[in-house]
Asker: 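Have a look at this one before I ask anything.
As the structure is a computational prediction, the values presented were derived from the model and not from experiment. Indexing begins at 1, ligand by ligand and atom by atom, following the structure's order. Just the heavy atoms: all of them, side chains too, but no hydrogens, waters or symmetry mates, feed the values below.
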Amino acid sequence: MASLQATFYGHTYENPFMNASGVHCMDTAELDGLATSAAGSFVTKSATAEGRDGNPEPRYVNIELGSINSMGLPNLGLSYYLDDAIKRQTAHPDQPFFLSVASYKGFDEYVANMKAIQDSAYTGLVELNLSCPNVPGKPQMAYDFEDTEKLLTEIFSFYTKPFGVKLPPYFDFMHFDKIAAVLNQFDLKFVNCINSVGNGLYIDDETDTVVIKPKGGFGGIGGEYVKPTALANVRALRQRLNPTIDIIGTGGILTGRDAYEHLLCGASMLQVGTQLYKEGLGVFDRLNTELLAILEAKGYNTIAEFKGKLATLD
Ligand SMILES: O=C1NC(=O)NC(C(=O)O)N1
C-alpha cells in the first residue's frame, strides 16, 4: 500500500498537504479546523506586529479559473498568533506547524517581528512572508534582491530557530539565479514558491467593472491560472538551491494530479489556497485520495521515489 508520508525538516507528516497562509487560518477556531482535518500540517495567517483590518471590501473574489485578492494583511497581530502557537506546540508537540510572519511597515518591522519570536517560547517553524503584493505603496520585499539579502543577514545575526521564506513568482532565469544566490548564503530550512501572482486584473463581464475594491481592482491571482508559473518556480528553485533547503509548492493545486506535478518539480510540502477557499476542509480528503491513486497507478510506494524527478526532453 502506497504512503503519502512527507518528510520535512526532520519531521514525518502523514501527508504533504497544508493550507496556504491566508486561507482558513485567521484565528484559533479556523486553525483548530485545519489541525483536525485531513491536512498533514497548517500555517497561520501572516501576522504583522499590530493587528490590522486590512483593505476595504470586496477584497477577495473567487473567479472561474481561480481567485483574485487584495486583502492587505488583515490579521489579529503577532502576539495573538504567538500565544496560540505556544499553547498549540505544548498541547501537540508531535504536530509541528508553521507560523507566518509579514510586515506592514517594511524592513524594521520584519526584524522586530522575528526578534519577538526569537524571544518567545515558540520553537516551531516560521514562514517569513516576503511577498505580499497587496499593501498599497509597499513593494514586495523579495523583488528587491539587495534588501532581501540585507534582511536575512540581519535576521540571522540573532535568530536561531528554524524558518523559511515565502517568495513571489519570478519570470526570468536571471531572477531565479539572483534570488537563489541570495538564499543559498543562509541556513534557511525551506522556501515556499509561490505567493499569488501579484497585481492581476479581473473584469466582471456583466458590469464591465473590476471585482475588488482596493487598488482600482488590482489583486493577487491564485488558482488554475497560476499553476504553470508555480511549477516553474518550484522547479527552478529546486535546481538552484542547496539540497538542505526544502521547497514548499504552492499555486494551482486543485487535484491530485496538480499535487503530483508539484512533487515531480521537487516540492516536499504542498499548500492549497484558492481550492481550499472554494471547497472547504474536505479538499484535503479528496486530494489525499486522488494523489494516493496516482501513486498506486504508477507503482510508487513513497513520494521519495519520484520527488524532483521531472523528465526533460534531452
Ligand atoms: O502574502 C499575501 N498574499 C496574498 O495574495 N494576499 C495576502 C494579503 O493581501 O493579505 N497576503
Asker: So, Asn192 versus Thr250: side-chain donor-acceptor pair below 3.5 Å or not?
Answerer: yes
Asker: Would you say Thr244 and Asn242 are linked by a side-chain donor-acceptor pair, where the criterion is simply a distance under 3.5 Å?
Answerer: no
Asker: Flag Gly72 as yes when one of its N or O atoms lies below 3.5 Å from any N or O atom of ligand 1, and as no otherwise.
Answerer: yes
Asker: Distance under 4.0 Å to a non-hydrogen atom of Asn134: what atoms of ligand 1 satisfy this?
Answerer: 4 (C), 5 (O), 6 (N), 7 (C), 8 (C), 9 (O)
Asker: Check if Pro133 has a non-hydrogen atom at a distance under 4.0 Å from any atom of ligand 1.
Answerer: yes
Asker: Just heavy atoms, cut-off under 4.0 Å: does Asn129 contact ligand 1 by side chain, backbone, both, or neither?
Answerer: side chain
Asker: Side chain, backbone, both or neither: which part of Asn69 comes within less than 4.0 Å of ligand 1 when only heavy atoms are counted?
Answerer: side chain
Asker: Measure the distances from the heavy atoms of Lys166 to every atom of ligand 1 and state whether one is below 4.0 angstrom.
Answerer: no
Asker: Atom 8 (C) of ligand 1: which of Arg52, Arg59, Met71 has the nearest heavy atom?
Answerer: Met71
Asker: Would you check if there is a donor-acceptor pair between the side chains of Glu127 and Ser21 at a distance under 3.5 Å?
Answerer: no
Asker: Phe190 and Phe8: aromatic ring centres closer than 6.0 Å?
Answerer: yes
Asker: Indicate whether the side chain of Lys215 and that of Asn55 have a donor and an acceptor atom separated by less than 3.5 Å.
Answerer: no
Asker: Could you tell me the residue and atom name of the protein heavy atom closest to atom 10 (O) of ligand 1, and the distance to it rounded to 0.1 Å?
Answerer: Leu73 N, 2.7 Å
Asker: Strictly under 4.0 Å, does any heavy atom of Cys132 approach an atom of ligand 1?
Answerer: yes
Asker: Check whether the ring centres of Phe173 and Phe176 lie less than 6.0 Å apart, and answer yes or no.
Answerer: yes
Asker: Could you list which atoms of ligand 1 come closer than 4.0 Å to a heavy atom of Asn195?
Answerer: 1 (O), 2 (C), 3 (N), 4 (C), 5 (O)
Asker: When you compare the side chains of Gln185 and Glu149, does any donor N or O come within less than 3.5 Å of an acceptor on the partner?
Answerer: yes
Asker: Before signing off on this row, confirm whether Ser70 and ligand 1 have an N or O atom pair separated by under 3.5 Å.
Answerer: no
Asker: Look at atom 5 (O) of ligand 1 and find which of Pro74, Ser196, Gly220 reaches it with the closest heavy atom.
Answerer: Ser196
Asker: How many angstroms lie between atom OG1 of Thr44 and atom CG of Leu99, to the nearest 0.5 angstrom?
Answerer: 4.5 Å
